[in-house]
Amino acid sequence: MTSTLVKETVSPPSAGPAERARRSRRRARAVALLFVLPALLLLGALVVYPVLFSVGRSFFDASGDRFVGADNYTEMFRDPATLKAVRNTAIWVVVAPTLLTGLGLVLAVLVEKVRWATAFKLLLFMPMAVSFLAAGIVFRLAYDEDPAKGVLNAAVVSVHDAFKSTSEYPTARARDGHGLTADRDGSYRTDRPVSPGTAVDLGMVGVAPGDVPGDARPAYAAAQRPAAADEVSGVVYLDFTPGGGGEQGKVDRAENGLPRMRVEAVAADGTTAGTATTAADGSYRFTGLKAAATYTVRLPASNFAQPYQGVSWLGPALVTPAIIGAYLWIWTGFAMVLIGAGLAALPRDALEAARMDGANEWQIFRRITVPLLAPVLTVVFVTLVINVMKVFDLVYIIAPGPVQEDATVLATQMWLVSFGGGNNQGLGSALGVLLLLLVVPAMAFNVRRFRRSQR
């Protein structure tokens with residue numbers, strides 16, 4: 001009898017649904033990690049490592065060889081330049097985001113009522129396409145103090161000169177030793193009193209032939225006229241003969257008068273007895289003077305005042321507001337577009353209901369539009385705060401060397417201390433850590449708000 005051995009193959013129990021789900025999740029995480037790994041490596045090399053290195057470097061001296069602990073941090077707050085950088089950064093953080101958010105809100109609301117809204121938005125957003133380097137160069141030229149170069153000062157000078165006349169002879173001066181004495185205020189007076197019936201000729205030099213007014217006429221004939229018994233007369237002339245020759249202190253035939261020059265007759269008690277303006281030939285005349293009195297003929301300082309040169313935009317007092325103005329020009333379009341996107345998503349029924357209830361546009365804007373846009377306005381404001389804390393290009397390019405310290409912010413101070421002549425990378429690293437600590441809370445706030453809105 002033959003026996004047959006029956007072999008039974010026992011198969012492992014099949015995995016349950018929970019196990020399969022876990023395996024699927026592990027595979028998905030592995031695939032995700034595989035795709036994210038290059039970005040993580042890049043992030044670590046460009047962000048994490050520099051941050052950790054800067055933190056460590058901030059505890060060493062300028063050479064990097066000696067551990068100094070927190071000395072760089074204490075030195076940072078004792079340095080007047082760093083304190084000024086902190087102050088300027090605070091001004092930037094308070095002023096720039098506030099103005100940009102307000103301008104963006106106003107423009108976003110107004111653009112909705114403009115027929116060519118898209119073209120207007122494009123026009124305002126175009127500066128975002130310009131690099132900070134190019135924008136800094138443009139505004140450095142625009143803010144130039146010379147009206148012949150700086151467009152802003154050219155406009156300011158034009159408006160000023162339209163309402164207030166300027167001197168035609170800013171370079172004129174009296175010839176030494178020929179009857180005129182200079183006063184401290186820039187005016188000139190005769191060095192001895194004169195009596196009525198006297199002719200006094202006042203010679204000036206320092207006026208280039210090309211700067212003599214076109215309507216000026218020769219002064220010789222007017223200088224030959226005698227003065228009446230109750231008057232003091234004479235000419236104000238350019239004591240220079242074209243081509244050479246002539247006699248200093250005397251009116252020659254080829255010498256021109258200086259028109260529109262203000263002349264005063266000053267009495268012995270200091271009061272002004274008469275005022276005259278020279279004619280085209282430089283002549284002037286004071287009539288009705290007391291015969292027994294004596295007078296001093298005076299050329300006021302206003303005749304020689306320098307022309308108005310405009311505003312010193314890049315001086316110590318205005319350099320920070322001027323740079324903030326350039327920043328506003330670049331980023332206003334950004335704020336307007338983001339707020340405009342939030343405005344487009346507002347429920348129109350709420351706005352229409354308010355209009356039907358009799359609310360005017362200002363009430364709708366203040367009580368409905370702004371409260372509904374509060375989340376968008378907060379995001380824009382915090383984003384701009386983060387951005388202005390890191391501003392470097394505009395400050396470094398626009399501010400001239402002599403006022404660089406007056407305009408410096410933390411980012412520029414960090415560069416100047418580390419690489420711009422200070423060569424103290426320990427202190428520069430401490431400044432970088434301070435800047436990081438100031439930026440992180442604003443970034444964390446923005447991330448939390450974004451996550452909350454996603455939920």
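Basis for what follows: all heavy atoms, side chains included, without hydrogens, waters or symmetry-related copies.
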Does A221 offer a backbone N or O that forms a donor-acceptor pair with the side chain of Q224 under 3.5 Å? no
With rounding to the nearest 0.5 angstrom, report the CG to CD1 distance, L314 to I323. 7.5 Å
Has D201 got a side-chain atom pairing as donor or acceptor with V235's backbone, closer than 3.5 angstrom? yes
From OG1 (T89) to CG (L435), nearest 0.5 Å: 7.5 Å
Step by step, would you call M336 with L110 a side-chain contact (heavy atoms from CB on, under 4.5 Å)? CA-CA 10 Å; M336 180 198 65; L110 293 179; over 6 Å; no
Can you list the residues that meet the side chain to side chain contact (heavy atoms under 4.5 Å, CB included) rule with I330, with sequence neighbours excluded? M128, F132, A135, L394
Between D185 and R298, is the closest basic N to carboxylate O distance under 4.0 Å? yes
The criterion is ring pair (Phe, Tyr, Trp, His ring centres under 6.0 Å); which residues satisfy it with Y73, sequence neighbours excluded? F59
How many angstroms lie between CD1 in I368 and CD in Q363, if you round to the nearest 0.5 Å? 9.0 Å
Over 12 non-hydrogen atoms of neighbours within 6.0 angstrom of CZ in R355: yes
Quick check: do N387 and V391 have side-chain heavy atoms less than 4.5 Å from each other? no
Which residues pass the side chain to side chain contact (heavy atoms under 4.5 Å, CB included) test with L103, not counting sequence neighbours? T332
Side-chain contact, heavy-atom cut-off 4.5 Å: R173 with V205? yes
Ignoring hydrogens and geometry, is there a side-chain-to-backbone donor-acceptor pair from T101 to P97 under 3.5 Å? yes
Say whether, by atom type as modelled, one donor and one acceptor occur between the side chain of S233 and the main chain of Y284 under 3.5 angstrom. no
Supply the atom-to-atom distance L258 CG to L238 CG, rounded to the nearest 0.5 angstrom. 5.5 Å
Applying ring pair (Phe, Tyr, Trp, His ring centres under 6.0 Å), can you list everything that pairs with Y169, at least two apart in sequence or on another chain? none
Taking D61 for the side chain and G64 for the main chain, is one N or O donor matched with an acceptor at less than 3.5 Å? yes
List the residues meeting ring pair (Phe, Tyr, Trp, His ring centres under 6.0 Å) with W362, not counting sequence neighbours, and say none if there are none. F365
Donor-acceptor list for residues 245-253 side chains, cut-off 3.5 Å, not counting sequence neighbours:
| unit_1 | atom_1 | unit_2 | atom_2 | d |
| --- | --- | --- | --- | --- |
| D252 | OD2 | E247 | N | 2.9 |

Side chain proximity check, L100 to L328, heavy atoms < 4.5 angstrom: yes
Which residues pass the side chain to side chain contact (heavy atoms under 4.5 Å, CB included) test with P441, sequence neighbours left out? none
Hey, are the side chains of W329 and F139 touching, using non-hydrogen atoms and a 4.5 Å cut-off? yes
With no hydrogens and no angle check, is any side-chain donor or acceptor of T98 less than 3.5 Å from a backbone partner on V94? yes
Pairs under 3.5 angstrom only: tabulate donor-acceptor contacts from the side chains of residues 300-308 to other protein residues two or more places apart or in another chain.
| unit_1 | atom_1 | unit_2 | atom_2 | d |
| --- | --- | --- | --- | --- |
| N303 | OD1 | R262 | N | 2.8 |
| N303 | ND2 | R262 | O | 2.8 |
| N303 | ND2 | P300 | O | 3.2 |
| Q306 | NE2 | P170 | O | 3.1 |

How would you list all residue pairs meeting salt bridge (charged side-chain N to carboxylate O under 4.0 Å, His left out) that involve residues 307-322, not counting sequence neighbours? none
In a table with atom names and distances, give each donor-acceptor pair under 3.5 Å that connects a side chain of residues 377-385 to protein atoms at least two apart or in another chain.
| unit_1 | atom_1 | unit_2 | atom_2 | d |
| --- | --- | --- | --- | --- |
| T378 | OG1 | A374 | O | 2.8 |
| T383 | OG1 | V379 | O | 2.7 |
| T383 | OG1 | N446 | ND2 | 3.2 |

Under the side chain to side chain contact (heavy atoms under 4.5 Å, CB included) rule, collect the residues that match up with N72, sequence neighbours excluded. V68, L427, A430
When you compare the side chains of E231 and T287, does any donor N or O come within less than 3.5 Å of an acceptor on the partner? no
Should the pair W331 and Y327 be assigned to parallel (<30°), tilted (30 to 60°) or perpendicular (>60°) ring geometry? parallel
Answer yes or no: is there a side-chain heavy-atom contact under 4.5 Å between W313 and V156? yes
For a quick test of your reading: what N or O donor-acceptor pairs under 3.5 Å do the side chains of residues 395-409 make, sequence neighbours left out?
| unit_1 | atom_1 | unit_2 | atom_2 | d |
| --- | --- | --- | --- | --- |
| Q404 | NE2 | A399 | O | 3.3 |
| T408 | OG1 | T412 | OG1 | 2.8 |
| T408 | OG1 | Q413 | N | 3.4 |
| T408 | OG1 | Q413 | OE1 | 3.4 |

Does some side-chain heavy atom of I324 sit less than 4.5 Å from a side-chain heavy atom of I91? yes
To the closest 0.5 Å, what do you measure between CD (E264) and OG1 (T296)? 11.5 Å
Counting only heavy atoms from other residues, nucleotides and ligands, does the tally under 6.0 Å from CZ of R192 exceed 12? no
Any side-chain heavy-atom pair of F60 and S429 under 4.5 Å: no
